[in-house]
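Naming: A, B, ... by sequence-line order, numbering from 1 per chain.
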There are 2 protein chains.
Amino acid sequence: MEEKEWKDWVHWVAEEYGLDLSKERVTEKQRRILEAAIHIFSEKGFEGASTSSIAKKAGVAEATIFKHYKTKKGLLLHLVIPALSRVVVPFILKPVVKILDTDKPLGEIIPELYEDRMKLVEQNWRKIQIILVESLYQPEIREAVQNHVATIIYEEVVERVDAWQKKGLIREDLPAYVVARSILSMGLGFIVTKNILPDKAVQEDQKTELSWTTEALLHGIAGPLEKKETL
Amino acid sequence: MEEKEWKDWVHWVAEEYGLDLSKERVTEKQRRILEAAIHIFSEKGFEGASTSSIAKKAGVAEATIFKHYKTKKGLLLHLVIPALSRVVVPFILKPVVKILDTDKPLGEIIPELYEDRMKLVEQNWRKIQIILVESLYQPEIREAVQNHVATIIYEEVVERVDAWQKKGLIREDLPAYVVARSILSMGLGFIVTKNILPDKAVQEDQKTELSWTTEALLHGIAGPLEKKETL
DNA sequence: CAGGTTGGTAATTAATCACTCACTTCCGCT
DNA sequence: AGCGGAAGTGAGTGATTAATTACCAACCTG
């Protein structure tokens, strides 16, 4: 189902902005334009980046950009759309297969998931940054992120949690969506603190840090004198 | 100590950009310029906002902006600096007094802290958004956020956790900074999901949601069949 | 009321912006 | 070989940009 909605959205954007997404043929110069655009957009932001600076960095005439992408915003969307689908699909599909065919305890599965999701984020960081920032200013991108990325990831996690609850691996006295939010929050918080406070908030090697994080997530931070609330 | 460093930074910025921060006297028109700038910067981003549109929204001649703030960036910093100090100080000072003179259990203290920190974020959301986005592109702002906001908040939380660990309220087999990261992560995750997935990720009234979040934080999400890792 | 400071502005500036046009070059196809 | 369309470009376009100028009016202060 999400597959269909996603294609609808892509099709809508393509029509709205006159993008030609059908031909996958990209010339060398087009590749260089996209690469230069990723760098300059992520360094200066969409509005702060000039098409002339992108052309210069790509070693291409400015008119070439407009030949292929019609407008500056068209160029942006040509970056964003493939990046979204390339991040969404692995986020959704990989955990499913990975989890369904193992019987490892959560204490091992979760840090593994965190680890390769973080690798994905690191590899695509520039693109992700562009998408996050521009989703604040461009409604089409915001809607795509909300409806075609965040929602789908979240629902996928909720579904997994639900199954785990039935197996007794997760507490059943908390709603599945609260548990899902907790799992995602701890991962997000790890990434954020690792990037803005590298030496304060992440002091050991990543494996150790992730297993501590998982331990806190699974069994909480309360000490012996803090009594459990009755739900 | 953080007080001194903060003032140093403000002084440095003021000198670097020729800002006059000494005179607190603001005329009516200056107030309207700042207000218009907050709205337009947060809607279009710094680069996307034109000084002429700010002037128009403020009902002021464009030259008036430059009379007072010298450059467009000067105007930005005149927004950012007071906003930073107005967010930093309550974030740091309020929890200390609030916690030191109560003996409530963490199960009550933590949701209260989350709640009024969230109120603070909501009230200052436009300014916070500007600061976060521009810290990606403007090194001075990034450094201020890292060194004068994030670090200080983080260290404050670590200090609290340390004290709680000695009282037995928090597990002692996890490093204090990991616990602090967990507390901040759950709060951040709550705010983020509440804003991008309002109806999926936050379904009940805020009080209930916060107490569930706290419960997950304090006692974990693991079920009876997930055994505790030996640390 | 002379003299200086401050708040405010209309008009203008040079630079830069996204984008277009007329044109050439390249390449696959028959 | 040669045609046709796509790829690519140099030289601009008008509009908009941040910032400056030169100037006015209202204020204190002595």
Open item on the list: Can you identify which nucleotide, out of D/dG10, C/dA18, C/dG8, has its nearest atom closest to the A/A61 side chain?
Closed with: D/dG10
TODO: State which of D/dT17, C/dC19, D/dG8 makes the closest approach to the side chain of B/S52.
DONE: D/dT17
TODO: State, to 0.1 Å, how close B/A55 and B/E62 come at their nearest heavy-atom pair, and which atoms those are.
DONE: CB-CA, 3.6 Å
TODO: Classify the side-chain pair A/S50/A/S53 by whether it contains a donor and acceptor separated by less than 3.5 Å.
DONE: yes
Open item on the list: Between P on D/dA19 and CD1 on B/I33, what's the gap in Å once rounded to a whole number?
Closed with: 14 Å
Task: Separation of atom CD1 in B/I54 from atom P in D/dA19, rounded to whole Å - done: 11 Å
Task: Integer-rounded Å distance: C/dA18 C1' and A/I65 CD1 - done: 10 Å
Task: Distance in angstrom units between B/L76 CG and D/dA18 P, rounded - done: 13 Å
Open item on the list: For C/dA18 and A/K73 - does any side-chain N or O of the residue sit under 4.0 Å from the phosphate oxygens OP1/OP2?
Closed with: no
Task: Protein-nucleotide distance (A/I40, atom CD1; C/dC17, atom P), rounded to Å - done: 11 Å
TODO: Measure distances between side-chain N and O atoms of B/K67 and base N and O atoms of C/dG7, and say whether any donor-acceptor pair falls under 3.5 Å.
DONE: no
- [ ] Grab the CD-C1' distance between B/E47 and C/dT16 for me, whole Å please.
- [x] 12 Å
Task: Crowding at NZ, B/K44 (>12 non-hydrogen neighbours, <6.0 Å) - done: no
TODO: Could you verify whether a donor N or O on one side chain and an acceptor N or O on the other, from B/S135 and B/R142, lie under 3.5 Å apart?
DONE: no
Open item on the list: In this structure, how many angstroms lie between the C1' atom of D/dA19 and the CG atom of B/L75, rounded?
Closed with: 13 Å
Task: Rounded distance (Å) that lies between atom C1' of C/dG7 and atom CZ of B/R32 - done: 14 Å
Task: Listed nucleotide nearest any side-chain atom of B/K72, set D/dG8, C/dT9, D/dA18 - done: D/dA18
Open item on the list: Measuring to OP1 and OP2 of D/dA18, would you say a side-chain N or O of B/K70 lies under 4.0 angstrom away?
Closed with: no
- [ ] Look at B/T27 and C/dG7 and indicate whether a side-chain polar atom (N or O) is within less than 4.0 Å of OP1 or OP2.
- [x] no
Task: C/dT6 OP1/OP2 closer than 4.0 Å to side-chain N/O of B/H68 - done: no
TODO: Could you check which of D/dT21, D/dT9, C/dG7 has an atom nearest any side-chain atom of B/Q30?
DONE: C/dG7
- [ ] Answer with base, sugar-phosphate or nothing: what part of the nucleic acid does A/S50 contact at a heavy-atom distance below 4.0 Å?
- [x] sugar-phosphate
- [ ] Would you mind telling me which of C/dA18, C/dT9, D/dA18 lies closest to the side-chain atoms of B/E62?
- [x] D/dA18
Open item on the list: If the threshold is 4.0 Å, N to carboxylate O, is there a salt bridge linking A/K73 and A/E134?
Closed with: no
TODO: Give the nucleotide from the list C/dA18, D/dA22, C/dA10 with an atom nearest to the side chain of B/A63.
DONE: C/dA10
Task: Side-chain ion pair, A/K194 and A/E209, N-O less than 4.0 Å - done: no
- [ ] Identify whether any heavy atom of A/A49 sits under 4.0 Å from a base atom; if not, whether one sits that close to sugar-phosphate; answer base, sugar-phosphate or nothing.
- [x] sugar-phosphate
